[in-house]
J.: 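Sharing a structure below in structure tokens format, with a few things to ask.
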Amino acid sequence: AWAGGGWLAYHSGLLANTFHIGLTYFTSNPIIAPDNQGGTLLLTSEQDAINTLGVAYLGAKFWGQDLIVGRQMIDTPLINRRDNRMIPITFEGATIRSDTGKDARFEYIAGYLQRFRPRDSNDFDFISQGFATNDVDAGTPFGWFRYRPNANLSFAAENYWVEDTINTGYVEAIYKFPRRASGP
């Protein structure tokens, strides 16, 4: 398939220095889409257009944290938007995350995600359905953090658990070796 599309997004500033909202409408429309040739993740499995309100949240910033409730994008090593097609994966749930910037010494995100929107669908499904199980309609509690004791070293860990389906963890340690001085 060939498809064309894009995003239309609105993310507000802060109301009362605390509250904010976000909305993102995604579209992916067929340009060339032969019938019964689905599977590209650019369109639905029936080669139809995807038109969905993938992000729609209410947020509140307080004490260096950001509480977000509703449809949102998540970017962690295990739970992420897998943004290599026309429309990313988005999630529905509640999260709390650090609001200290990308160069912070400590970053985190934790919460509960009930549903996700696959890249080739207009609809949100239970997280458990993403693992090809229809026996359980379940979401997942999850948590991710990163600690940087100095500019060259960082540690990160993540875990999520879908009842009666999967429990997955992830840990990493990264050390950036300093560059050697070059020249005479």
Side-chain angles (χ1 to χ4, degrees), residues 1 3 5-9 11 20-30 33 35-60 65-99 107-147 155-172:
W7 306 6
L8 181 60
H11 296 275
H20 60 104
I21 63 170
L23 301 165
T24 305
Y25 180 79
F26 298 95
T27 184
S28 181
N29 297 286
D35 289 339
N36 301 320
Q37 298 290 322
T40 63
L41 302 178
L42 297 172
L43 304 165
T44 67
S45 57
E46 292 82 28
Q47 297 287 69
D48 294 327
I50 300 171
N51 296 296
T52 185
L53 187 61
V55 172
Y57 68 80
L58 299 171
Q65 302 177 102
D66 193 4
L67 174 66
I68 297 177
V69 178
R71 295 177 177 181
Q72 54 193 289
M73 288 194 216
I74 307 292
D75 282 314
T76 69
L78 296 177
I79 300 173
N80 56 62
R81 55 190 177 172
R82 204 173 299 153
D83 196 6
N84 62 352
R85 293 290 190 265
M86 290 287 283
I87 299 177
I89 297 171
T90 56
F91 300 89
E92 194 172 83
T95 60
I96 190 159
R97 54 185 87 190
S98 56
D99 187 33
E107 294 177 86
Y108 61 88
I109 180 172
Y112 185 82
L113 301 173
Q114 183 70 22
R115 297 175 178 268
F116 79 108
R117 194 207 49 76
R119 292 177 291 180
D120 63 346
S121 176
N122 285 303
D123 304 316
F124 280 74
D125 297 331
F126 284 98
I127 297 288
S128 58
Q129 291 172 340
F131 295 99
T133 178
N134 292 322
D135 298 336
V136 179
D137 289 337
T140 181
F142 79 101
W144 171 87
F145 78 90
R146 173 173 285 136
Y147 174 64
F155 301 98
E158 180 174 11
N159 192 66
Y160 72 89
W161 170 69
V162 181
E163 183 179 359
D164 295 330
T165 305
I166 191 170
N167 184 21
T168 300
Y170 169 87
V171 294
E172 74 176 19

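Along the sequence shown, residues are numbered consecutively beginning with 1. Worth saying up front: this structure is predicted, and the values here are computed from it rather than measured.
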J.: Just wondering, do H11 and T24 contact through their side chains at under 4.5 Å, heavy atoms?
T.: yes
J.: Taking only Lys NZ, Arg NE, NH1 and NH2, and the carboxylate oxygens of Asp or Glu, determine whether R117 and E92 approach each other closer than 4.0 Å.
T.: no
J.: Looking at A1 and Q47, what are the two nearest heavy atoms and their distance?
T.: CB-NE2, 3.8 Å
J.: Can you list the steps and then say if H20 with Y57 is a side-chain contact (heavy atoms from CB on, under 4.5 Å)?
T.: CA-CA 8 Å; H20 60 104; Y57 68 80; 3.5 Å; yes
J.: Taking all heavy atoms of F124 and all of G54, pick out the closest pair and write down the distance.
T.: CZ-O, 3.8 Å
J.: Taking all heavy atoms of S28 and all of L43, pick out the closest pair and write down the distance.
T.: O-CD2, 3.6 Å
J.: Is there a donor-acceptor pair under 3.5 Å between the side chain of Q72 and the backbone N or O of G93?
T.: yes
J.: Side chains of E172 and Y170: do they bring a donor and an acceptor to under 3.5 Å?
T.: yes
J.: Once rounded to the nearest 0.5 Å, what's the spacing between atom CG of D125 and atom CZ of F116?
T.: 5.0 Å
J.: Any donor and acceptor pair, going by atom type alone, linking the side chain of S98 with main-chain N or O of Y108 inside 3.5 Å?
T.: yes
J.: Quick one: pull up CZ in R82 and CG in L41 and give me the separation to the nearest 0.5 Å.
T.: 9.0 Å
J.: Between I50 and S121, does a side-chain contact (heavy atoms from CB on, under 4.5 Å) hold up when you go through it step by step?
T.: CA-CA 6 Å; I50 300 171; S121 176; over 6 Å; no
J.: Should Q129 and D137 count as side-chain neighbours, where that means a heavy-atom distance under 4.5 Å?
T.: yes
J.: Which pair of heavy atoms, one from N122 and one from A49, lies closest together, and at what distance?
T.: ND2-O, 3.4 Å
J.: Under 3.5 Å, side chain of N51 to main-chain N/O of T27, donor-acceptor pair present?
T.: no
J.: Could you report the tightest heavy-atom contact between S128 and T165, atom names first, then the distance?
T.: CB-OG1, 4.1 Å
J.: Mind telling me whether F155 and Y147 have parallel, tilted or perpendicular rings, with 30° and 60° as the class edges?
T.: parallel
J.: Say you draw a straight line from CG of N29 to CG of L42; how long is it, rounded to the nearest 0.5 Å?
T.: 11.5 Å
J.: Nearest 0.5 Å please: distance from the CG atom of L78 over to the CG atom of N159.
T.: 8.5 Å
J.: With a 3.5 Å distance limit and no angle check, can you tell me whether Q114 reaches the backbone of Y112 through a side-chain donor-acceptor pair?
T.: no
J.: If you measure from CD1 on I79 to CD1 on I74, what distance do you get to the nearest 0.5 Å?
T.: 7.5 Å
J.: Against M73, only a single residue in I89, T90, N80 fulfils side chain to side chain contact (heavy atoms under 4.5 Å, CB included); can you say which?
T.: T90
J.: Taking the side chain from T44 and the backbone from D120, do they hold a donor-acceptor pair closer than 3.5 Å?
T.: no
J.: In Å and rounded to the nearest 0.5 Å, what is the CD to CD1 distance from E158 to I109?
T.: 9.0 Å
J.: Please report the C-alpha distance between W144 and E107 in whole Å, then the side-chain angles of each, then the deciding distance to 0.1 Å, and finally whether the side-chain contact (heavy atoms from CB on, under 4.5 Å) criterion is met.
T.: CA-CA 8 Å; W144 171 87; E107 294 177 86; 4.0 Å; yes
